[in-house]
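Below: the structure, in structure tokens.
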There are 2 protein chains.
Amino acid sequence: MLRPADQIVHKAAWLYYTHGLRQDEVARRLNISRASVALYLRRARETGIVNISASTQLFRSDRLARQLEDRFGFEAVWVLGEEGLTDDPTAEIPTLAASVFLEMVQNGDRVGVAWGRTVYAIADAMSYADRQGVTVVEMCGNLGSPYSYRPDQCTMEIARRLNASGLNFYAPLVLSTEDLARQLREEPVIREQLDGIAGCDLALFTVGTLDEDSHVIKCGALGLDELAEIKKLGAKGVIAGQIIGSDGALLDCSYNRRMISADFESIRAIPRRLMVVQEDEKLEPLLAAIEGRFLTHLVLTARMAESLLEHAGAGEAEPAPASA
Amino acid sequence: MLRPADQIVHKAAWLYYTHGLRQDEVARRLNISRASVALYLRRARETGIVNISASTQLFRSDRLARQLEDRFGFEAVWVLGEEGLTDDPTAEIPTLAASVFLEMVQNGDRVGVAWGRTVYAIADAMSYADRQGVTVVEMCGNLGSPYSYRPDQCTMEIARRLNASGLNFYAPLVLSTEDLARQLREEPVIREQLDGIAGCDLALFTVGTLDEDSHVIKCGALGLDELAEIKKLGAKGVIAGQIIGSDGALLDCSYNRRMISADFESIRAIPRRLMVVQEDEKLEPLLAAIEGRFLTHLVLTARMAESLLEHAGAGEAEPAPASA
DNA sequence: CCCCTACATTGACTTTTGTCAATGAGCATG
DNA sequence: CATGCTCATTGACAAAAGTCAATGTAGGGG
């Protein structure tokens, strides 16, 4: 189970990090040079043999975070204000989200991952960890090559970082006809994947916008003419590829019927659902997603948190229905 | 929720460990000296705001560990051979056990802790972690002051290290008469604690020996005259203060009936049960504990692992009943 | 209001760690 | 069997982190 080349890395990591020996002491004990020890330790950190993580409490203790938790009944909210590196909190959302996500994933979990620019950025910012028995499952169908943020790559990358196995959908996200989509959904190999989503312990996803330059358009899943059409029908956002209205329910349109993706009941059956909102333009989609009870945990910027509270304060008080 | 003094420590930890800034960069950003940053970072590590942990895979990949897993059907076994600091693996068992235990504890878990010299040593070796919503419950009654390894201290220390809340038994471990023990067990506050044990997600315990210098004797729970008596009845070991025979069942004796401790069905109802065996003299007690299906996970020395396999190889093959 | 104590912070120094070009070892190929 | 390749390892230097005595500061008591 442990390659002999890794053995020495594990030993060095154990002596250095757990026992607190200095690098030269570790070197002496293992009969190698100190430079090698330094090298091994770096490899140990990079591959998740050693785990270093900072608490994300800082972002939960923000006043806005507390207010959102109270107001909407979320289990936990992380708000990114001015704490970060740059003056632009948006850029650091993926880093925070990656930390939060890693904190939430437990050994043996089955994790559902939907796709989006942000999810891809999170995968990229995530450090390697050595979890046991984790499975990462894709929550929606795939897109062809023209676009670089492919859903399956996203899933696989996250799986790789967690030392987990990844389960991809062997189907496109959108098909040409409703009939073909229906037939495909009933294929055993697809059916199985769809049914497996409700059995996840944790989900990671974003809500998408519906503009000319939003993700679903740019990646070619949705055409501009079709966009105009569904916007007339009241489309407000995108969840795992599917279009939702302002009430958070699946919009009744051909596009949605031609889709292979997790159905909303399955998503809501997942006990912990982490939504990450990066861009400040996503207020409307986020409101729709909240209305649809898609999330139990939320990561967002302070600006967005403020907009959300402003908007919610104006409306009537909600009874905070967090879990399905 | 976050004391203002801790805020700066969190910020420094976040910038340094998550974003990978250098200490002087962190210092500049926070308008403090680099020396302060170094100080805060140390505090962050010591208080669990930052978590650094090395994988324990090294000890699971040992040949002996695999054989034990196969032979007895344990979920996981960690074997400590010559990997450590000193030539005495026994001394390092608590360190390894602490790492393993921390790997096993998840946010929100309810953890049962039994007591023993080894459990105390584990508590001592455990690094601080910042877990959310963990509860540590004591699995047996308490002993008075004369002895320093008090069960309640043990529970509380582990709770402290995990940032968890601790639940102690408000009762002695052994009483003078069977009748008093019976009455006390029915007291609501005690009953509640006893009933709560089966609801644990994880248990940490040792098996004790029954010699003149073993723990139960030294701490005054059991007298020498009584020891001789129960040994005649076939006593082989101690689980959470209670005497078991070679079949792992509760020994039918007055001592056991005067005891306030977790009943065995409750213990076996806990899904993950980590047993740690430190001393090489515990072969007989360990065999009895295995027979009683008290453990699903095991940490022990290579020497002990060998004895165990030798002994088991001689006997007939067991069907490996790991879980209750 | 002043003094004293206890603790936080810092600058300067020492120790430890990271890095990289140079070397060596293993291995497949011509 | 020599050759050229890749990759692991190392020694020496540069960079970063740890430490501690000295200084500053806040708070409590007389």
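Since the model is a prediction, treat every value here as computed from it, not as a measurement. Below, chain A is the first sequence line, B the second, and so on; all start at residue 1. Reckoned from all heavy atoms, side chains included, excluding hydrogens, waters and symmetry mates.
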For this session: Verify the distance criterion only: is there a donor paired with an acceptor across the side chains of B:Arg45 and B:Tyr40 at less than 3.5 Å?
Result: no

Exercise. At under 4.0 Å, does any side-chain N or O of A:Ser36 touch on OP1 or OP2 of D:dT10?
Worked result: yes

Tabulate below the donor-acceptor pairs under 3.5 Å that side-chain atoms of residues 100-111 of chain A make, not counting sequence neighbours, or state none.
unit_1, atom_1, unit_2, atom_2, d
A:Glu103, OE1, A:Thr56, OG1, 3.1
A:Glu103, OE2, A:Thr56, N, 3.3
A:Glu103, OE2, A:Thr56, OG1, 3.3
A:Asn107, OD1, A:Gln132, N, 3.1
A:Asp109, OD2, A:Gln106, N, 3.0
A:Asp109, OD2, A:Arg272, NH2, 3.0
A:Arg110, NE, A:Gly196, O, 3.1

Exercise. NA contact type, A:Ile32, heavy-atom cut-off 4.0 Å: base, sugar-phosphate, or nothing?
Worked result: sugar-phosphate

Exercise. Under 4.0 Å between a side-chain N or O of B:Tyr40 and OP1 or OP2 of C:dA8?
Worked result: no

Exercise. Measuring from A:Glu157:CD to A:Tyr120:OH, what's the distance to the nearest 0.5 Å?
Worked result: 6.5 Å

For this session: Please tell me which of the listed nucleotides, C:dT19, D:dT10, C:dG18, lies nearest to the side chain of A:Arg42?
Result: C:dT19

For this session: Run the salt-bridge test on A:Lys282 and A:Glu279 with the 4.0 Å N-O cut-off and return the result as yes or no.
Result: yes

Collect all protein-nucleotide pairs involving nucleotides 14-17 of chain C in which both atoms are nitrogen or oxygen and the distance is under 3.5 Å.
unit_1, atom_1, unit_2, atom_2, d
C:dT16, OP1, A:Arg22, NE, 3.1
C:dT16, OP1, A:Arg22, NH1, 2.8
C:dT17, OP1, A:Tyr16, OH, 2.9
C:dT17, OP2, A:Gln23, N, 3.0

For this session: Hey, can you tell me if A:His297 and A:Trp78 have their rings parallel, tilted or perpendicular (30° and 60° cut-offs)?
Result: parallel

For this session: If a protein heavy atom is under 4.0 Å from the base, mark B; if only from the sugar-phosphate, S; if neither, -; do that for nucleotides 20-26 of chain C going 5' to 3'.
Result: -------

Problem set entry | salt_bridge(A:Arg303, A:Asp280) N-O dist < 4.0 Å | yes

For this session: Please say whether more than 12 non-hydrogen atoms of neighbouring residues, nucleotides or ligands are located less than 6.0 Å from OH in A:Tyr128.
Result: yes

Problem set entry | CD1-OG1 distance between A:Ile93 and A:Thr206, expressed to the nearest 0.5 angstrom | 11.0 Å

